[in-house]
Amino acid sequence: MTVTETEALKQAEAADKQRQNGNANLLTGIPLAQKDIFTTLGVKTTCGSKMLDNFIAPYNATVIENFNQAGAVMLGKTNMDEFAMGSSNETSFYGAVKNPWDLERVPGGSSGGSAAAVAARLAPAATGTDTGGSIRQPAALCGITGIKPTYGRVSRWGMIAFASSLDQGGPMAQTAEDCALMLDVMAGFDSKDSTSMDRPVDDHTAKLNDNLKGLKIGLPKEYFGEGLDADVEQTVQDALNVYESLGAELVEISLPNSHLAVPVYYVVAPAECSSNLSRFDGVRYGYRCENPTDLTDLYTRSRGEGFGDEVKRRIMIGTYALSAGYYDAYYLKAQQIRRLISNDFTEAFEKVDVIMGPTAPTTAFKLGEKADDPVSMYLSDIYTIAVNLAGLPGMSIPAGQVNGMPVGLQLIGNYWAESRLLNIAHQYQQTTEWHRAIPTNFA
Ligand code: GLN
């Protein structure tokens, strides 16, 4: 979206000085791409929307501030689905992102720009955000590593809100080790985010080399059923065999309410977004229509012209679900089922240490293939969404290819188990090469 060349060179110079003075740390001078959902002081922050096409943020998101403090260098801002609503990056006002592995295919969404940038080695690492899968699904489709931390681990301050009870920022990189280094910087309590958890931050690299003997891996039978591409399933199975050879034990489990995750999400997320996006009214900042005749005209035309179709669809669904008369039937019911979904995970984690399965049911689909079919698009997050509803950490690592397109293995951990997930991912990456594969056009 934006290349911040001048600022990057300035930050790089400062990093050089720090190195010369001998007080550099691990991220000093490391160039990063930032998803255009994080506000950046003095730099355009669009969130993929015409609504914010002219928005220069007057402050840095906490995540950006943390990277600045750590001496990292911002290369620029990456494209994304409009307000992070999408699974293909096609809803961006600025046009679709292409998958570096096949330019006719989607990179996944909503953090598709970040995933594509890392896959094509335009940046060694990037940030993403994940409300229903937006770090893990594009990581899977582009063959990179990404982790969505436990809800409350990474500050949401300055991360433009989509669905506040689900949104969580996290790193996207080539390896679990790089994600660990980034998470060390991103994670932590922030008094500016009321849902931020006041809890010490793990040293995410400390346990990377622990061995996996006796690790119990739960395989939810619901994640291996109808809808899962047979070749993707085989690839996931091969990855699980690697884990067995590392000393892990595979245990079949059940998450009986899994099939309700997508329907629940498409009540809860639109409800929250309809409230969050009410702030874009053409008055305070962002897009304003020309020559409004009165205040109502200003509101309706600014919003009508500033938002894209998918955003409007979500606002309408959410407003409907929250209306008097429908609230109990939809929103309240969804919240009750949300609890059942998270109880399923709590029960599962009494028996196993980690849950594994596919990140997405297929490899990257063609650009345009699902653009006119929202329901089929929504189903591409069928394995990722429950994790957000429960607030758990989830990860995707490159685990193979089908017809030259990357496949992701999903790892789901218990609350605050980021270090453990990174360890489990790192051990796989010590014995496999999938995370090193580079798309031929960019090798
Ligand atoms: N694809 C899902 C959606 O469209 C999730 C997006 C996200 O995680 N930001 O809402």
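Remember, it's 1-based here, ligands and their atoms both numbered in the order they're listed.
Listed by chain and residue number, the protein contacts of ligand 1 are Ala84, Met85, Gly86, Ser87, Ser110, Asp130, Thr131, Gly132, Gly133, Ser134, Phe162, Tyr265, Tyr266, Arg314, Asp381 (heavy atom within 4.0 angstrom).
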Less than 3.5 Å apart, which donor and acceptor atoms pair up between the side chains of residues 355-363 and the rest of the protein, not counting sequence neighbours?
unit_1	atom_1	unit_2	atom_2	d
Thr359	OG1	Ser396	OG	2.8
Thr359	OG1	Gly408	O	3.4
Thr359	OG1	Gln410	N	3.3

Tabulate below the donor-acceptor pairs under 3.5 Å that side-chain atoms of residues 56-64 make, not counting sequence neighbours, or state none.
unit_1	atom_1	unit_2	atom_2	d
Asn60	OD1	Leu41	N	2.8
Asn60	ND2	Glu65	OE1	3.1
Thr62	OG1	Asp190	OD2	2.6

Show every donor-acceptor pair shorter than 3.5 Å between a side-chain atom in residues 118-128 and any protein atom, with sequence neighbours excluded, or say none if there are none.
unit_1	atom_1	unit_2	atom_2	d
Arg121	NH1	Val118	O	3.2
Arg121	NH1	Ala119	O	3.4
Arg121	NH2	His435	O	3.4
Thr127	OG1	Gln34	OE1	2.7
Thr127	OG1	Lys35	N	3.0

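Looking only at distances, no side-chain donor or acceptor of Glu82 sits under 3.5 Å from a matching main-chain atom of Glu310. Remark: side-chain polar atoms of Asn388 are paired, donor with acceptor, to backbone N or O of Thr131 under 3.5 angstrom.
Contact annotation: the side chain of Tyr331 never approaches that of Gln336 to less than 4.5 Å [non-hydrogen atoms, C-beta and beyond].
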